[in-house]
**Q** 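First the structure, then my questions, so here it is.
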Amino acid sequence: MAAAECHGVDLSSHRSRLATADLVRAADLIVVMDAAQQRLVCERFGRWHRDVMVLGDLDPAPVEARTIRDPVDQSREVFDQTYERIARCVRELAKVLRKSAA
């Protein structure tokens, strides 16, 4: 939450939710952090591979892996790096979605 707060984002009211079959079926696009999550969602919920995106695939910066690592139990520096990477990827996702809506 502190990393997000430094970027003007308040996550204090955010709560995670379990990915249920109903939620997954209702989604037009599912964004995950790694390929294992993508496979799991496709296998468990019967979604097409094209419906489940690994967010790191959109990173415009040179990266070593498509996975966006989980910063849990890591230093504040790792949280900040992860936040920055997610922000870059989300900006790219927004561009793609705007183009497809036009």
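Values in this document were obtained by computation on a predicted structure and should not be read as measured data.
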**Q** When clusters are formed from ILVMFWY side-chain contacts under 4.5 Å, directly or step by step, what else is grouped with Leu40?
**A** none
**Q** Between Arg85 and Val63, is there a side-chain heavy-atom distance shorter than 4.5 Å?
**A** yes
**Q** Applying side-chain hydrogen bond (donor to acceptor under 3.5 Å, both in side chains), name anything that partners Ser75, two or more places apart in sequence or on another chain.
**A** none
**Q** Between Ala4 and Leu11, which heavy-atom pair has the shortest distance, and what is it?
**A** CB-CD1, 3.5 Å
**Q** Which pairs pass ring-ring contact (aromatic ring centres under 6.0 Å, His included) with one or both residues in residues 17-45, sequence neighbours excluded?
**A** none
**Q** Side-chain heavy atoms under 4.5 Å apart, restricted to Ile/Leu/Val/Met/Phe/Trp/Tyr: what other residues fall into the cluster of Val72, or is it alone?
**A** none
**Q** For Gln81, check side-chain hydrogen bond (donor to acceptor under 3.5 Å, both in side chains) against everything at least two apart and list the hits.
**A** Arg69, Glu77
**Q** What pairs meet the salt bridge (Lys or Arg N to Asp or Glu O under 4.0 Å) rule with one or both residues in residues 46-57, with sequence neighbours excluded?
**A** Arg47-Asp51, Asp57-Arg66
**Q** If hydrophobic clusters are built by linking Ile, Leu, Val, Met, Phe, Trp and Tyr wherever their side-chain heavy atoms come under 4.5 Å apart, do Leu58 and Ile86 end up in the same one?
**A** yes
**Q** Evaluate the side chain to side chain contact (heavy atoms under 4.5 Å, CB included) criterion for residues Cys89 and Met53: first the C-alpha distance (whole Å), next the side-chain angles of each, then the deciding distance (0.1 Å), finally the verdict.
**A** CA-CA 11 Å; Cys89 294; Met53 173 185 288; over 6 Å; no
**Q** Show the atom names and distances, to 0.1 Å, of all donor-acceptor pairs under 3.5 Å that link a side chain in residues 91-102 to residues at least two apart or in another chain.
**A**
from	atom 1	to	atom 2	distance (Å)
Glu92	OE2	Lys95	NZ	3.1
Ser100	OG	Leu97	O	3.0

**Q** Can you run down the ring-ring contact (aromatic ring centres under 6.0 Å, His included) pairs that involve residues 48-82, sequence neighbours left out, and say none if there aren't any?
**A** none
**Q** Test: salt bridge (Lys or Arg N to Asp or Glu O under 4.0 Å). Region: residues 30-43. Which pairs qualify, not counting sequence neighbours?
**A** none
**Q** Do you know which two heavy atoms are closest between Cys42 and Val52, and how far apart they sit?
**A** SG-CG2, 3.9 Å
**Q** Who pairs with His7 by side-chain hydrogen bond (donor to acceptor under 3.5 Å, both in side chains), at least two apart in sequence or on another chain?
**A** Glu84
**Q** Step through the shown structure and confirm whether more than 12 heavy atoms of other residues, nucleotides or ligands are within 6.0 Å of CZ on Arg76.
**A** yes
**Q** For residues 21-33, tabulate all N or O donor-acceptor pairs below 3.5 Å that involve a side-chain atom, not counting sequence neighbours.
**A**
from	atom 1	to	atom 2	distance (Å)
Asp22	OD1	Arg25	NH1	3.1

**Q** For Asp73, check side-chain hydrogen bond (donor to acceptor under 3.5 Å, both in side chains) against everything at least two apart and list the hits.
**A** none
